[in-house]
Amino acid sequence: MVEHWLSLGAHERTVKFGMMFDPADMQDTFILDCLQRGECPESELLWVMSRVLQEGDFAIDFGANVGFFTMFMSRRVGETGLVFACEPGSNN
């Protein structure tokens, strides 16, 4: 497992979180590779979420995979909000 900490600037505040990536998993490797190059996977989606999600909101992440967007959303909605994540893949 590889640990990676993220700090993403998003609409007047920075979202910080850490994730563990499995180098043997292709999806994990793709996300980690993007982050290590200073890029963000699906940056347009993060741009929308950073402007739409507010403290206290409820968000749903269907097909959450390893939870990259789930973690981002959880930081945006804060402690008074809620994120429901669903991932049918048993490897995640």
Side-chain angles (χ1 to χ4, degrees):
M1 292 295 200
V2 176
E3 183 177 17
H4 188 83
W5 280 89
L6 303 145
S7 181
L8 304 171
H11 199 258
E12 300 178 5
R13 74 178 193 211
T14 299
V15 177
K16 295 180 182 182
F17 57 91
M19 293 188 72
M20 297 294 289
F21 294 94
D22 181 357
D25 182 83
M26 189 166 69
Q27 184 64 33
D28 282 18
T29 302
F30 169 75
I31 295 172
L32 184 58
D33 183 51
C34 286
L35 297 172
Q36 288 175 334
R37 288 187 314 223
E39 299 171 3
C40 182
E42 299 187 55
S43 59
E44 66 282 354
L45 183 56
L46 285 177
W47 183 86
V48 170
M49 284 192 282
S50 70
R51 280 147 182 81
V52 172
L53 291 175
Q54 301 293 317
E55 182 81 28
D57 280 352
F58 175 78
I60 298 172
D61 188 2
F62 263 4
N65 200 312
V66 296
F68 177 78
F69 294 111
T70 306
M71 294 299 294
F72 181 83
M73 288 188 281
S74 74
R75 296 307 187 267
R76 292 293 298 169
V77 302
E79 291 187 19
T80 60
L82 181 67
V83 176
F84 176 80
C86 177
E87 171 53 53
S90 61
N91 62 328
N92 291 316

*asked:* Tell me whether T70 contacts the main-chain N or O of A64 through its side chain, where contact means a donor paired with an acceptor under 3.5 Å.
replied: no
*What distance separates D25 CG from L32 CG, expressed to the nearest 0.5 Å?*
11.0 Å
*asked:* Please tell me whether M73 and V48 are part of a single hydrophobic cluster in this structure, the criterion being side-chain heavy atoms less than 4.5 Å apart.
replied: no
_Check: Q54 main-chain N/O paired with R76 side-chain donor or acceptor under 3.5 Å_ = no
_Side chains of F69 and E42, heavy atoms from C-beta outward: is any pair under 4.5 Å?_
yes
_With a 4.5 Å cut-off on side-chain heavy-atom distances among I, L, V, M, F, W and Y, is there a chain of contacts connecting L53 to L82?_
no
*Is the count of non-hydrogen atoms from other residues, nucleotides or ligands lying under 6.0 Å from E79 atom CD greater than 12?*
no
*Enter the distance from M49:CE to R75:CZ here, rounded to the nearest 0.5 Å.*
13.5 Å
*List for me each residue that meets side-chain contact (heavy atoms from CB on, under 4.5 Å) alongside F84, sequence neighbours excluded, and say none if there are none.*
F58, I60, F62, C86
*Rounded to the nearest 0.5 Å, how far apart are CZ of F21 and CZ of F30?*
11.5 Å
*Not counting sequence neighbours, which residues clear side-chain contact (heavy atoms from CB on, under 4.5 Å) with D33? List them please.*
R37
*Say whether, by atom type as modelled, one donor and one acceptor occur between the side chain of N65 and the main chain of G67 under 3.5 angstrom.*
no
*Going by heavy atoms in the side chains, are D61 and F68 under 4.5 Å from each other?*
no
_L45 with M71, same ILVMFWY side-chain cluster at under 4.5 Å_ = yes
*To the nearest 0.5 angstrom, please state how far the OG1 atom of T80 sits from the CG atom of D57.*
8.5 Å
*Should E55 and V77 be marked as a side chain to side chain contact (heavy atoms under 4.5 Å, CB included) after you check the CA-CA gap, both sets of side-chain angles, and the distance that decides it?*
CA-CA 4 Å; E55 182 81 28; V77 302; over 6 Å; no
